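What follows is a short report on a single structure.
Values in this document were obtained by computation on a predicted structure and should not be read as measured data.
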Amino acid sequence: MNFTEANFTKAKDTYKKNAIIQEKMAKKLIYETVKNFGNDFKNVFEIGSGTGLLTNEICNGMNFEKLFLNDLTENFTEIFPYKYYKGDILNIEIYENFDLIMSNAVFQWIDDKERLFSKLYGLLNSNGMLSFTTFGRENFCQIKDISGFGLEYKDIEPFLNKTGFEILYFEEELETLYFESVQKILEHIKLTGVGTNANCLWTKRKYETFRKEYLKHFSDNNGVELTYHPQYFILRKGR
């Protein structure tokens with residue numbers, strides 16, 4: 001079990017309650033997909049289904065014949081699709097083709113973006129669509145600013161251009177949550193399964209320095225802030 005799989009498995013019972021931004025992202029992704037491009041798709045495939053935030057929205061908001069799910073972990077969605085693919089999306093063999101592939105708050109974890117989008121392009125039927133969310137460079141910017149640690153959030157557009165996807169829709173937002181303490185921020189991150197470098201091996205001294213600097217720069221009358229940077233993409237396989 002790798003690091004990412006282990007963290008999300010530990011958080012399977014706490015994810016839904018704490019994934020406030022990810023839930024909003026799932027709802028908005030479905031809304032924008034249906035509003036702009038309809039809700040009738042024969043074969044739908046979700047990557048990174050987790051505990052089912054996006055899966056539930058797909059089931060409630062779309063018409064489909066077959067639903068396929070994938071994640072590193074076991075199927076925690078409590079939804080029983082026609083087929084569940086367990087494993088790293090880059091490495092597992094997939095034998096179907098799809099009219100719509102969806103994913104919510106997952107692709108930031110995948111380093112080889114060119115290989116990812118090339119594989120997904122090949123899994124889509126002609127004129128098939130890829131609809132997903134991820135996070136941009138400002139995500140958890142406070143933590144990275146103070147600690148120097150954080151995921152490397154890459155610009156996605158160059159990889160999409162290489163693989164031939166047509167961008168039909170793009171939007172990005174900054175969402176700031178407020179907490180009563182720095183410790184609550186770190187607990188929030190842990191409970192959403194993000195092992196992150198914010199969960200690094202603290203010494204008492206390192207943590208206290210981090211806490212003081214965080215409060216100095218990123219707290220006000222609303223509380224202690226943490227920024228998310230959601231991005232929304234809806235793509236079509238090039239003709």
Side-chain angles (χ1 to χ4, degrees), residues 1-26 47-51 53 71-74 76 87-91 103-113 116 132-156 159 172-231:
M1 183 179 290
N2 66 30
F3 180 77
T4 304
E5 180 184 354
N7 281 327
F8 282 106
T9 298
K10 287 177 186 175
K12 66 183 177 68
D13 296 323
T14 58
Y15 183 84
K16 281 187 177 181
K17 181 179 177 181
N18 292 276
I20 302 163
I21 300 299
Q22 291 89 337
E23 183 175 15
K24 289 176 67 175
M25 290 164 67
I47 298 167
S49 52
T51 58
L53 285 183
D71 210 320
L72 291 170
T73 63
E74 300 299 327
F76 297 141
D88 184 336
I89 187 61
L90 293 182
N91 298 324
S103 186
N104 183 45
V106 172
F107 289 172
Q108 70 275 5
W109 296 106
I110 301 175
D111 288 330
D112 195 341
K113 300 288 194 297
L116 169 68
F132 69 94
T133 70
T134 187
F135 294 107
R137 293 178 181 273
E138 296 302 308
N139 207 60
F140 292 0
C141 56
Q142 296 90 349
I143 290 174
K144 193 166 188 179
D145 187 67
I146 299 298
S147 70
F149 295 113
L151 280 180
E152 181 184 357
Y153 296 97
K154 298 177 181 178
D155 291 332
I156 284 178
F159 302 104
E172 59 185 338
E173 304 168 327
L174 292 178
E175 296 265 8
T176 299
L177 300 181
Y178 290 90
F179 298 82
E180 63 184 48
S181 68
V182 173
Q183 183 60 37
K184 290 295 184 183
I185 287 177
L186 299 182
E187 289 174 4
H188 163 78
I189 291 171
K190 183 178 180 180
L191 292 173
T192 59
V194 182
T196 102
N197 308 304
N199 258 354
C200 59
L201 296 175
W202 298 105
T203 63
K204 186 175 180 181
R205 188 177 197 177
K206 281 183 180 178
Y207 171 72
E208 190 57 25
T209 299
F210 174 82
R211 187 187 70 82
K212 287 179 178 178
E213 286 297 305
Y214 204 113
L215 290 174
K216 177 181 176 182
H217 294 283
F218 302 115
S219 64
D220 57 29
N221 292 334
N222 295 311
V224 189
E225 66 182 45
L226 178 68
T227 295
Y228 282 82
H229 185 184
Q231 295 182 326

Task: Criterion side-chain contact (heavy atoms from CB on, under 4.5 Å) on Thr209 and Ile146, from CA distance to verdict - done: CA-CA 9 Å; Thr209 299; Ile146 299 298; over 6 Å; no

Open item on the list: side-chain contact (heavy atoms from CB on, under 4.5 Å) for Ile189 and Leu226? Distances and angles first, verdict last.
Closed with: CA-CA 10 Å; Ile189 291 171; Leu226 178 68; 4.3 Å; yes

Task: Worked verdict on Gln142 versus His217 for side-chain hydrogen bond (donor to acceptor under 3.5 Å, both in side chains) - done: CA-CA 8 Å; Gln142 296 90 349; His217 294 283; over 6 Å; no

- [ ] Test side-chain contact (heavy atoms from CB on, under 4.5 Å) on Leu186 and Tyr207 and set out the steps.
- [x] CA-CA 11 Å; Leu186 299 182; Tyr207 171 72; 3.9 Å; yes

Task: Verdict with reasoning, Gln108 to Thr134, per side-chain hydrogen bond (donor to acceptor under 3.5 Å, both in side chains) - done: CA-CA 6 Å; Gln108 70 275 5; Thr134 187; 3.2 Å; yes

- [ ] Decide yes or no on side-chain contact (heavy atoms from CB on, under 4.5 Å) for Asp220 and Tyr178, but give the supporting numbers first.
- [x] CA-CA 9 Å; Asp220 57 29; Tyr178 290 90; 3.9 Å; yes

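Rounding to the nearest 0.5 angstrom, the gap separating the CZ atom in Phe107 from the CD1 atom in Ile89 is 8.0 Å. For the atom pair Thr192 OG1 and Ile20 CD1, the distance stands at 9.5 Å (nearest 0.5 Å). We find the CZ-OG1 distance between Phe210 and Thr203 to be 12.5 Å, quoted to the nearest 0.5 Å. Rounding to the nearest 0.5 angstrom, the gap separating the NE2 atom in His188 from the CD1 atom in Ile21 is 7.5 Å. Ser147 contributes atom OG, which lies 11.0 Å from atom NZ of Lys206 (distance to the nearest 0.5 angstrom). Remark: Leu116 CG to Ile47 CD1 distance equals 6.5 Å, nearest 0.5 Å.
Taking the six-membered ring where tryptophan is involved, the planes of Phe140 and Tyr228 are perpendicular, since the angle between them exceeds 60° and thus also 30°. Ring geometry for Phe135 versus Tyr153: interplanar angle over 60°, hence perpendicular rather than tilted (30 to 60°).
Closest approach of Ala19 and Leu53 over heavy atoms only: CB-CD1, 4.0 Å. Nearest heavy atom pair, residue Thr133 against residue Met25, reads OG1-CE, 3.3 Å. When all heavy atoms of Leu72 and Gly87 are compared, the closest pair comes out as CD2-C, 3.9 Å. Contact between Gln22 and Asn104 at its shortest, heavy atoms only, is O-ND2, 3.0 Å. The heavy-atom pair separating Gly50 from Phe76 by the smallest distance is O-CB, 3.5 Å. Taking each heavy atom of Glu225 and Ile185 in turn, the nearest pair found is O-CD1, 3.7 Å.
Salt-bridge check for Arg205 with Glu208: failed, with every basic side-chain N at 4.0 Å or more from each acidic carboxylate O.
Within the 3.5 Å criterion, the main-chain N or O of Glu152 finds no donor-acceptor partner in the side chain of Lys144.
Qualifying side-chain hydrogen bond (donor to acceptor under 3.5 Å, both in side chains) partners for Asp155, counting only residues two or more places apart in sequence or in other chains: Arg137. Partners of Glu175 by salt bridge (Lys or Arg N to Asp or Glu O under 4.0 Å), not counting sequence neighbours, listed by chain and number: Lys24. Partners of Leu215 under the side-chain contact (heavy atoms from CB on, under 4.5 Å) rule, at least two apart in sequence or in another chain, are Val182, Arg211, Ser219, Val224.
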